[in-house]
**Student:** 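Submitted below is the structure of interest, expressed as structure tokens.
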Amino acid sequence: MKKTKTYHITTFGCQMNEHDSETLAGMLAEKGYEESPERDEADVVIFNTCSVRDNADKRFFGTLGQLKKIKKSRDLTLCVCGCMMQQQHIIDDIKKKFPWVDVIFGTHNIHQFPQLLDSALEEKKRVINVWEDGGEIVEGLPAKRLYKHKAFVNIMYGCNNFCTYCIVPYTRGRERSRKPEDILREVKCLVADGVREVTLLGQNVNSYRGDENTDFSDLIYMLNEVEGLERIRFMTSHPKDLSDKLIQAYVDCEKLCKYIHLPVQCGSSRVLKEMNRKYTREDYLELIRKLRAAVPEITISTDIIVGFPGETEEEFEETLSLVAEVEYDSAFTFLYSIRKGTPAEKYPDQIPEEVKHERFNRLVDLVNEISAKKNAAYVGRVEKVLVEGYSKNTATAYSGRTDGFKLINFEGSEDLVGKIVNVRVTAGKTFSLEGEIVSE
Ligand code: SAH
Ligand code: SF4
Ligand code: F3S
């Protein structure tokens with residue numbers, strides 16, 4: 001009997017990439033491939049890359065180097081895609097230093113992957129096909145979901161904001177929104193397939209414009225009516241156009257989880273201007289005030305960059321004071337990383353690495369202290385939790401997410417997976433909660 005061919009995908013970067021990898025897996029499943037848990041045993045190995053910071057680039061190149069030996073020892077098709085491939089200097093590097101790569105494609109043409117793979121296999125030579133920008137949105141691609149009960153749904157692609165530090169507008173192209181009816185159809189299909197929670201994806205979901213009558217809030221109201229769907233989340237929203245209408249949607253739509261990831265990047269209005277974020281510290285704090293006034297229990301997370309060119313000690317302290325004022329439930333903190341081709345690459349006053357690290361450590365200490373305090377205050381509360389599966393800790397421990405997106409571990413059983421259960425919080429740690437089920 002002929003052995004079934006296998007694949008392995010390594011994904012770097014954000015949910016957009018994770019979802020693209022689900023699509024790649026779906027297309028390979030349609031071709032009869034099976035997933036291999038081990039990269040070293042797979043027939044087709046894919047790296048879906050991220051370019052947002054330098055360390056993502058480095059990790060990728062490191063692994064690519066290691067694959068040379070394996071590639072020599074057996075038949076294997078090595079494919080690379082994702083945001084890094086949208087940069088010519090990266091493709092040039094791969095051609096020069098890693099000639100053992102077989103297929104290179106970009107973020108705009110993942111739908112072509114099956115053909116590209118076929119031609120690489122048939123012609124036994126390297127295939128490179130990267131589109132500079134996105135064409136028409138391709139609907140109806142398959143996806144092999146990572147989770148049974150929750151799913152990612154792209155609602156828009158690309159970004160028009162050009163924050164001066166960021167590579168994404170160059171790797172993902174201009175904003176394009178999917179039609180509301182296509183999104184609705186997909187969500188209904190997912191629900192029919194057992195999905196209870198959807199996360200709407202886009203670099204800046206509140207720029208969504210499905211048609212003249214449908215902006216992002218309209219889309220939420222529409223999806224709130226889908227029978228069988230229990231939870232709606234979204235990632236990411238930009239403070240510059242977080243509307244009152246969206247805040248009202250939290251009040252009106254019971255399926256919209258009371259959680260928002262609202263990247264602030266920095267607490268100094270001068271630096272925010274240099275970053276081209278289009279809001280001030282005061283604008284941002286006002287949004288937080290409005291959100292909390294409308295939805296008192298809302299949980300809030302953010303992204304922060306430390307050491308943007310020209311950031312002074314005082315300006316960094318403004319970030320610390322903003323964090324202390326907002327009291328985030330959690331925050332992703334990043335060292336500023338120079339990205340080739342972005343305006344900030346050329347800014348003078350790049351901050352020395354040791355200064356960046358020193359500020360970064362102070363920020364992380366504060367963020368963690370606040371997270372721990374916030375989580376401790378949950379003890380005794382009963383939270384609705386969508387049970388996801390085993391937690392990594394022990395065999396009887398299950399984990400899930402609260403409405404406010406907090407990770408919680410508790411004793412459970414297999415039959416609860418995919419259900420929403422009530423869990424009483426018994427302990428709060430820095431990055432998660434512990435709890436016990438009180439009733440189904
Ligand atoms: N579209 C999203 C962000 C996507 S990138 C938004 O605007 O909210 C995710 C995060 O990576 C950003 O929020 C930012 O904090 C960080 N980031 C982006 N470019 C970076 C860079 N050059 N150096 C360090 N962090 C960066
Ligand atoms: Fe990057 Fe800014 Fe676009 Fe977010 S909004 S993807 S940070 S350019
Ligand atoms: Fe990275 Fe591309 Fe996402 S650069 S963060 S994978 S959009």
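As the structure lists them, so they are numbered: ligands from 1, and atoms in each ligand from 1.
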**Student:** For atom 7 (S) of ligand 3, find the nearest protein heavy atom and state the residue, atom name and distance (0.1 Å precision).
**Tutor:**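 The closest one turns out to be Q203 NE2, 3.1 Å.
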**Student:** Against heavy atoms of C159, which atoms of ligand 2 measure under 4.0 Å?
**Tutor:** 3 (Fe), 5 (S), 6 (S), 8 (S)
**Student:** Is the gap between the ring centers of H261 and F405 under 6.0 Å?
**Tutor:**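 No; F405 has its ring centre 6.0 Å or more from that of H261.
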**Student:** Suppose I only count heavy atoms of H238 and a 4.0 Å limit; which atoms of ligand 2 are within that range?
**Tutor:**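 By the 4.0 Å cutoff, the relevant atoms are 5 (S).
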**Student:** Please assess Y259 against S301 for the test side-chain hydrogen bond (donor to acceptor under 3.5 Å, both in side chains), listing each intermediate value before the final yes or no.
**Tutor:** CA-CA 8 Å; Y259 164 66; S301 61; 2.7 Å; yes
**Student:** Tell me whether the centres of the aromatic rings in F162 and Y170 are closer together than 6.0 Å.
**Tutor:**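 Yes, the ring centres sit under 6.0 Å apart.
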**Student:** Report the nearest protein non-hydrogen atom to atom 9 (C) of ligand 1: residue, atom name, distance rounded to 0.1 Å.
**Tutor:**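 For atom 9 (C) of ligand 1, the nearest protein heavy atom comes out as D303 OD2, 3.7 Å.
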**Student:** So if I count the atoms of ligand 1 from 1 in the order they appear, which ones are less than 4.0 Å from some heavy atom of Y336?
**Tutor:** 23 (N), 24 (C)
**Student:** Any non-hydrogen side-chain atom of V153 less than 4.5 Å from a side-chain atom of R178?
**Tutor:**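 Yes. Closest side-chain heavy atoms under 4.5 Å.
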**Student:** Starting from atom 8 (S) of ligand 2, what is the nearest protein heavy atom, named by residue and atom, and what distance separates them?
**Tutor:** C163 N, 3.3 Å
**Student:** As an exercise, identify every atom of ligand 2 less than 4.0 angstrom from a heavy atom of V168.
**Tutor:** 6 (S)
**Student:** Are side-chain heavy atoms of F61 and T49 found at a separation under 4.5 Å?
**Tutor:**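 Not in contact.
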**Student:** Would you sort out whether T23 and D20 count as a side-chain hydrogen bond (donor to acceptor under 3.5 Å, both in side chains), showing the intermediate values?
**Tutor:** CA-CA 5 Å; T23 306; D20 286 349; 5.1 Å; no
**Student:** Under 4.0 angstrom from ligand 1, any heavy atom of V168?
**Tutor:** no
**Student:** Under 4.0 Å, heavy-atom basis, I'd like to know which part of Y165 is in contact with ligand 1: side chain, backbone, both or neither.
**Tutor:**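 Under 4.0 Å from ligand 1, Y165 contributes backbone and side-chain atoms.
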**Student:** Has S237 got a side-chain atom pairing as donor or acceptor with L262's backbone, closer than 3.5 angstrom?
**Tutor:**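 Absent.
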**Student:** How far is atom 4 (C) of ligand 1 from the closest protein heavy atom, and which atom is that?
**Tutor:** Q203 OE1, 3.3 Å
**Student:** With a 4.0 Å heavy-atom cut-off (strictly under), which part of M235 contacts ligand 1: side chain, backbone, both or neither?
**Tutor:**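 Contact part for M235 vs ligand 1: neither.
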**Student:** Is the Y347 ring parallel, tilted or perpendicular to the F308 ring (thresholds 30°, 60°)?
**Tutor:**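 Perpendicular: the ring planes of Y347 and F308 meet at over 60°.
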**Student:** Determine, step by step, whether N375 and K406 satisfy the side-chain hydrogen bond (donor to acceptor under 3.5 Å, both in side chains) criterion, reporting the C-alpha distance in whole Å, the side-chain angles of both residues, the deciding distance to 0.1 Å, and the verdict.
**Tutor:** CA-CA 9 Å; N375 286 346; K406 287 187 187 281; 2.7 Å; yes
**Student:** Please state which part of T236 comes within less than 4.0 Å of ligand 1, counting heavy atoms only: side chain, backbone, both or neither.
**Tutor:** side chain
**Student:** Is it true that Y336 and Y165 have ring centroids separated by less than 6.0 Å?
**Tutor:** no
**Student:** Side chain, backbone, both or neither: which part of P169 has a heavy atom under 4.0 Å from ligand 2?
**Tutor:** side chain
**Student:** Say whether E345 and ligand 1 are in contact under the criterion: heavy-atom distance to a ligand atom below 4.0 Å.
**Tutor:** no
**Student:** Around atom 1 (Fe) of ligand 3, find the nearest protein heavy atom and jot down its residue, atom name and distance.
**Tutor:** C50 SG, 2.4 Å
**Student:** Taking atom types as modelled and ignoring hydrogens, do the side chains of T10 and R39 form a donor-acceptor contact shorter than 3.5 angstrom?
**Tutor:**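 Distance-only check passes for T10 and R39.
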**Student:** Any salt bridge linking K58 with D54? Criterion: basic side-chain nitrogen under 4.0 Å from a carboxylate oxygen.
**Tutor:** yes
**Student:** Can you tell me if R277 has a non-hydrogen atom under 4.0 Å from ligand 2?
**Tutor:** yes
**Student:** Any side-chain donor paired with an acceptor under 3.5 Å for T236 and Q203?
**Tutor:** no
**Student:** Less than 3.5 Å apart, any donor N or O on the side chain of E354 or H357 sitting next to an acceptor on the other?
**Tutor:**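 No - no donor-acceptor pair under 3.5 Å links their side chains.
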**Student:** Please check if any side-chain donor atom of D303 sits under 3.5 Å from a side-chain acceptor atom of Q265, or the reverse.
**Tutor:**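 No pair is found: no donor N or O on one side chain lies under 3.5 Å from an acceptor on the other.
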**Student:** Looking only at protein heavy atoms, identify the closest one to atom 15 (O) of ligand 1 and say how far it is in Å.
**Tutor:** Q265 OE1, 2.7 Å
**Student:** For atom 4 (S) of ligand 3, grab the closest protein heavy atom and report residue, atom and distance to one decimal in Å.
**Tutor:**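 For this ligand atom, the closest protein heavy atom is S51 N, 3.3 Å.
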**Student:** Ligand 1 versus S337, non-hydrogen atoms closer than 4.0 Å: side chain, backbone, both, neither?
**Tutor:** both
**Student:** Could you find the nearest protein heavy atom to atom 7 (O) of ligand 1 and give me its residue, atom name and distance?
**Tutor:** R277 NH1, 3.4 Å
**Student:** With respect to atom 5 (S) of ligand 2, which of V52, D303, N204, N161 exhibits the smallest heavy-atom separation?
**Tutor:** N161
**Student:** Return the closest protein heavy atom for atom 18 (C) of ligand 1 as residue, atom name and distance.
**Tutor:**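 Here the closest protein heavy atom is V52 CG2, 3.4 Å.
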**Student:** Work out whether the distance between some heavy atom of R172 and some atom of ligand 3 is less than 4.0 Å.
**Tutor:**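 Yes, that is the case, since the closest heavy atom of the residue is under 4.0 Å from the ligand.
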**Student:** Please report the C-alpha distance between Q248 and D244 in whole Å, then the side-chain angles of each, then the deciding distance to 0.1 Å, and finally whether the side-chain hydrogen bond (donor to acceptor under 3.5 Å, both in side chains) criterion is met.
**Tutor:** CA-CA 6 Å; Q248 188 57 35; D244 289 346; over 6 Å; no
**Student:** Write out the residue and atom name of the closest protein heavy atom to atom 2 (Fe) of ligand 3, then the distance separating them to 0.1 Å.
**Tutor:**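 Here the nearest protein heavy atom works out to C83 SG, 2.2 Å.
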**Student:** Closer than 3.5 angstrom, by distance alone: can the side chain of R176 be matched with the main-chain N or O of I137 as a donor-acceptor pair?
**Tutor:**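 No: the side chain of R176 does not pair with the backbone of I137.
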**Student:** Please determine if R53 forms a cation-pi arrangement with F334, meaning its NZ or CZ atom is less than 6.0 Å from the six-membered ring centre and no more than 45° off the ring axis.
**Tutor:** yes
**Student:** Heavy-atom distance to atom 11 (O) of ligand 1: which of K240, R53, R339, H261 wins?
**Tutor:**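 Minimum heavy-atom distance to atom 11 (O) of ligand 1 goes to R53.
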**Student:** For P263, take its heavy atoms, then give the atoms of ligand 1 lying under 4.0 Å from any of them.
**Tutor:**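 Listed by number with element: 8 (O).
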**Student:** Among all the protein's non-hydrogen atoms, which is closest to atom 7 (S) of ligand 2, and how far away is it?
**Tutor:** Y165 OH, 3.4 Å
**Student:** Does L335 have a non-hydrogen atom less than 4.0 Å from ligand 1?
**Tutor:** yes
**Student:** Judging by distance only, is a nitrogen or oxygen of H238 under 3.5 angstrom from one on ligand 1?
**Tutor:**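 N/O-N/O distance under 3.5 Å: no.
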**Student:** Considering the heavy atoms of F162, write down every atom of ligand 2 situated less than 4.0 Å from one of them.
**Tutor:** 8 (S)
**Student:** Got a sec: is C14 within less than 2.8 Å of atom 1 (Fe) of ligand 3 via an N/O/S atom?
**Tutor:**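 Of the N, O and S atoms in C14, none lies under 2.8 Å from atom 1 (Fe) of ligand 3, which means no.
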**Student:** Would you please determine whether N204 falls within less than 4.0 Å of ligand 1 on a heavy-atom basis?
**Tutor:** no
**Student:** Checking T280 against D283: is there a side-chain donor and acceptor pair closer than 3.5 Å?
**Tutor:**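 A pair is found: one side chain offers a donor N or O, the other an acceptor, under 3.5 Å apart.
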**Student:** For atom 1 (Fe) of ligand 2, which candidate among P239, C166, S237 provides the closest heavy atom?
**Tutor:** C166
